[in-house]
Structures are given as C-alpha cells and as structure tokens.
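One structure below.
No hydrogens, no waters, no symmetry mates; every other heavy atom, side chains included, goes into these values.
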Amino acid sequence: MLMVEIPVDKLKDVFVLLLERVCSGEEVLRVNREAFWSIAADEAYEVYSEPGELTIGMLSESWSQLESMLADPDRAVGYGFVWLAEVLRAIGDEATS
C-alpha cells in the first residue's frame, strides 16, 4: 500500500491560500447545499469493489459538530477531519459550479 506523506506546514499553507481565495473578503460563506451521499470509511478506499450501503449526511450537522469542538476544544476528535472534509467539499463544489 502506498503511503502519502503530507507535511503539516504545507497543509496549513494550502488551507490558508484556498480559504483566502474563496472568501474574497467575505465574513460568511454561503453554501447552497445540505444533504450529501456518505460512504463508510472502510469502503471509501476499496476502489476495486463497489461500495455497499450509502447513507445521507447533512452539511449543517457536520458544521454543528465542528462548532461544538470550537466551543469546547476538549471535544476535538480525529473524526473532526471527516466533518471538516464534508464542509470543505461542499465549499469546493459550490466554488466550482
């Protein structure tokens, strides 16, 4: 299995760059998307077999979880990256449509 190494400092730089480009001085990003298809993590990377059950995720729920972590940093968990990815995907899809 190939491992991808991502330098944390470069990841931060890319995130800041993209956020600055998308925001363009705005204080709030408006995303006209809510429900999305979600796939189980253990199936998401099995590209040679079709995924089983898809579930429906809600962008507002993902964002709510992230806000909860901001309000109480002790609630920060690794799954926060999944919620953040869902939010960032919606922002990216909105920005390119």
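Looking at S64, its side chain never comes within 3.5 Å of a backbone N or O of S60 through a donor-acceptor pair. For E46 (side chain) and P51 (main-chain N/O), no donor-acceptor pair under 3.5 Å exists by modelled atom type. Under a 3.5 Å cut-off, the side chain of E34 and the backbone N or O of L59 do form a donor-acceptor pair.
For R75, the salt bridge (charged side-chain N to carboxylate O under 4.0 Å, His left out) criterion is met by no residue, not counting sequence neighbours. Under the rule for a ring pair (Phe, Tyr, Trp, His ring centres under 6.0 Å), F36 has no partner lying at least two apart in sequence or in another chain. For the side chain to side chain donor-acceptor pair (under 3.5 Å) test, residues two or more places apart in sequence or in another chain that qualify with E94 are N32, R33.
Heavy-atom contacts from other residues, nucleotides or ligands closer than 6.0 Å to CD of E67 number more than 12.
By the 4.5 Å heavy-atom criterion applied to side chains, F81 and L88 are not counted as neighbours. In this structure the side chain of W63 never reaches within 4.5 angstrom of the side chain of E86, judged on heavy atoms. V4 places a side-chain heavy atom less than 4.5 Å from the side chain of I6. Using a 4.5 Å heavy-atom threshold, the side chains of R30 and V28 count as touching. When side chains are defined from C-beta on, W37 does not count as touching T55, because their heavy atoms never get closer than 4.5 Å. Contact annotation: the side chain of L54 never approaches that of S38 to less than 4.5 Å [non-hydrogen atoms, C-beta and beyond].
Minimum interatomic distance between I39 and A44 (heavy atoms only, all atoms of both residues): CG2-CB, 3.9 Å.
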